[in-house]
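Remember, it's a predicted structure, so these values are computed and weren't measured experimentally. Numbers here simply count residues along the sequence, with the first being 1.
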Amino acid sequence: MDDSTKRLLQRLIRRIPAQTLRTTLEKWGRLTAAQQRSMDFTQPKWALSEKLLAICEENGFTAKHITELEMTNVIDNPNQGMWYAFQLMDPEDDANSIELTQFKEQFKSHLRELVRPVSIKIKKHTDEAVWIRIAWGDSFSRPNHLKPTYVVHYLQTPYVFVTSLTSKQKPLLSQALVLSARHRAIKDANLSGRKLTAIRDLLMRKYQQAFPTMYPSPLGERNQVVSNPHIEKEQAEPAANRLQMACEAFGDGTLPQLQTVVYKLETKFRDHTNKTMTEREEPFNCVVKFASTNLLESLRHCASSGGHMRTLSWTSHGGCTGGIASTPVTPLLSSILQKGRNYFVITDNGSGPSTQTRQPQT
């Protein structure tokens, strides 16, 4: 094993959680039963790393084998890094009939015509997702396996999910995907997140979308002592109405776990008390970002309870503000689910929020 392969293996072992390392190595399937038994998984990570490195050197493993182990770990733990969603456009007549073998051959062929050297691994997962690992090189260097790009594509669908892609690599990957998937164009879906399953479910509508119209009063379900029946009755009706409107906007089932939603405001400043800003020819720009460990669930809870939520806004003067989630829920929030996006550009042109293509970042 050369030094770069050793570094790749050592970094990979550090990233794999100790409690899942045994299972990951078993799925990898490159170690013999005796070698697997010889590893003491109660040891510290550094000791395990040294032991596995010795075994791999004994077996004569190369970068090809180590990247297989990395791919196994990433497929089992996809919620690492930032994933960006893209959508293939204008399918050709035979786009829905393309098979895995055909897609693999054409993708490798097209990408290798665009960039050399490049290392490509393609594997089909049990949920029908095609996983692609790309280590990029150039005219002066070999493929860098320490900074690979991962691509997830479901055949017979227009959706592609990418992580760790630079602006320089984006047009190369886009062209290879368009040609191998039998489409004519690809666009940014304006959807990103750290949980691949969440943005996939949101974009591909794999979540409960039934919106009930009647709900029992949540207060009526509680077994509490009523201190004042008249006050309790008066408060119960608006609470039930808020719950109904919140569930009509977001649904009442489990929601995809998005972490952020960004609204970029590009409009004229309107305030009759501030002529300096109102008379400016340049548009007023403001970015509002909602953040939570489970944003959609937080929005639904805030709307149903009439609570507060935190927003961050940046303007030319800086600053931070807070907000109140009220009902009925504004379309700017409810359209997150309907449009499958979490990045919006709001302008004076048109009746609703528009979107703007965003470059993926490393």
Side-chain angles (χ1 to χ4, degrees), residues 67-68 70-72 74-75 78 81-137 143 147-193 195-207 256 339-343 355-362:
T67 54
E68 288 176 357
E70 181 199 89
M71 203 167 184
T72 300
V74 173
I75 291 175
M82 183 63 71
W83 290 90
Y84 296 87
F86 295 86
Q87 185 171 354
L88 294 161
M89 306 293 293
D90 303 325
E92 298 180 3
D93 293 339
D94 58 345
N96 290 330
S97 61
I98 189 167
E99 296 179 350
L100 176 62
T101 302
Q102 186 180 14
F103 174 83
K104 288 172 63 174
E105 293 175 352
Q106 294 195 5
F107 181 84
K108 291 180 177 180
S109 174
H110 290 309
L111 191 58
R112 284 170 177 159
E113 287 179 1
L114 298 171
V115 57
R116 283 181 180 273
V118 64
S119 174
I120 308 169
K121 285 188 177 296
I122 300 179
K123 183 178 182 179
K124 190 174 183 181
H125 191 38
T126 53
D127 67 350
E128 302 302 315
V130 178
W131 283 75
I132 307 172
R133 183 191 188 274
I134 306 170
W136 303 88
K147 295 182 178 180
T149 294
Y150 273 91
V151 182
V152 180
H153 173 50
Y154 289 80
L155 295 179
Q156 284 82 50
T157 79
Y159 304 116
V160 181
F161 307 93
V162 184
T163 188
S164 301
L165 182 70
T166 67
S167 58
K168 180 180 179 181
Q169 298 159 354
K170 181 183 176 183
L172 304 173
L173 175 63
S174 298
Q175 185 171 342
L177 284 169
V178 165
L179 293 173
S180 56
R182 296 284 202 276
H183 286 70
R184 296 182 178 86
I186 188 171
K187 71 173 185 178
D188 193 327
N190 294 295
L191 178 64
S192 63
K195 291 185 178 292
L196 172 63
T197 52
I199 64 172
R200 178 204 65 190
D201 292 350
L202 184 59
L203 197 61
M204 298 176 68
R205 308 291 182 180
K206 290 187 175 182
Y207 60 92
K339 296 188 175 182
R341 297 169 182 164
N342 63 349
Y343 183 82
T355 59
Q356 173 175 293
T357 300
R358 194 172 41 150
Q359 297 288 339
Q361 302 174 349
T362 57

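- Looking at Trp131 and Lys124, their side chains never come closer than 4.5 Å, going by heavy atoms from C-beta outward.
- Rounding to the nearest 0.5 angstrom, the gap separating the OG1 atom in Thr67 from the CE atom in Met71 is 8.5 Å.
- The CG atom of Leu165 sits 13.5 Å away from atom NZ of Lys147, with the distance rounded to the nearest 0.5 Å.
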Candidate pair Ser192 and Asn342, rule side-chain contact (heavy atoms from CB on, under 4.5 Å), full reasoning: CA-CA 7 Å; Ser192 63; Asn342 63 349; 4.1 Å; yes

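- For Ser164 against Gln169, the heavy-atom pair with the smallest separation is O-OE1, 4.1 Å.
- At a threshold of 4.5 Å between non-hydrogen side-chain atoms, the residues Thr166 and Lys168 count as touching.
- Heavy-atom minimum distance, Ala95 versus Ala181: CB-O, 3.9 Å.
- The environment of CG in Asp93 is sparse: at most 12 heavy-atom neighbours from other residues, nucleotides or ligands sit within 6.0 Å.
- Residues Trp136 and Leu172 are in side-chain contact: their nearest non-hydrogen atoms beyond the backbone lie under 4.5 Å apart.
- Closest non-hydrogen pair, Ser97 versus Gln156, comes out as C-NE2, 4.2 Å.
- Looking at Arg182 and Gln102, their side chains come closer than 4.5 Å, going by heavy atoms from C-beta outward.
- To the nearest 0.5 angstrom, Asp201 atom CG is 9.0 Å from Leu196 atom CG.
- Rounded to the nearest 0.5 angstrom, Tyr84 OH and Leu191 CG are separated by 11.0 Å.
- The main-chain N or O of Pro78 is found under 3.5 Å from a side-chain atom of Trp83 such that the two form a donor-acceptor pair.
- Each of Val151, Leu100, Val160 was scored for a side-chain contact (heavy atoms from CB on, under 4.5 Å) with Val130, with one residue passing: Leu100.
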Could you go step by step and tell me if Val118 and Arg112 meet the side-chain contact (heavy atoms from CB on, under 4.5 Å) rule? CA-CA 7 Å; Val118 64; Arg112 284 170 177 159; 3.6 Å; yes

Worked check of side-chain contact (heavy atoms from CB on, under 4.5 Å) between Arg184 and Glu92: CA-CA 7 Å; Arg184 296 182 178 86; Glu92 298 180 3; 4.0 Å; yes

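- Remark: of the listed residues Phe86, Phe103, Phe161, Phe103 is the sole one forming a ring pair (Phe, Tyr, Trp, His ring centres under 6.0 Å) with His153.
- To the nearest 0.5 Å, atoms CG (Asp188) and NZ (Lys170) are separated by 5.5 Å.
- Seen from the ring of Tyr154, Lys206 counts as a face-on cation partner, given the 6.0 Å and 45° thresholds.
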Walk me through whether Arg200 and Asp127 qualify under side-chain contact (heavy atoms from CB on, under 4.5 Å). CA-CA 12 Å; Arg200 178 204 65 190; Asp127 67 350; 3.5 Å; yes

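- Between atom OG of residue Ser109 and atom NZ of residue Lys104 there is a gap of 14.5 Å, rounded to the nearest 0.5 Å.
- A side-chain contact (heavy atoms from CB on, under 4.5 Å) with Ile132 is found for one member of Ile122, Leu111, Val162 and no other, namely Ile122.
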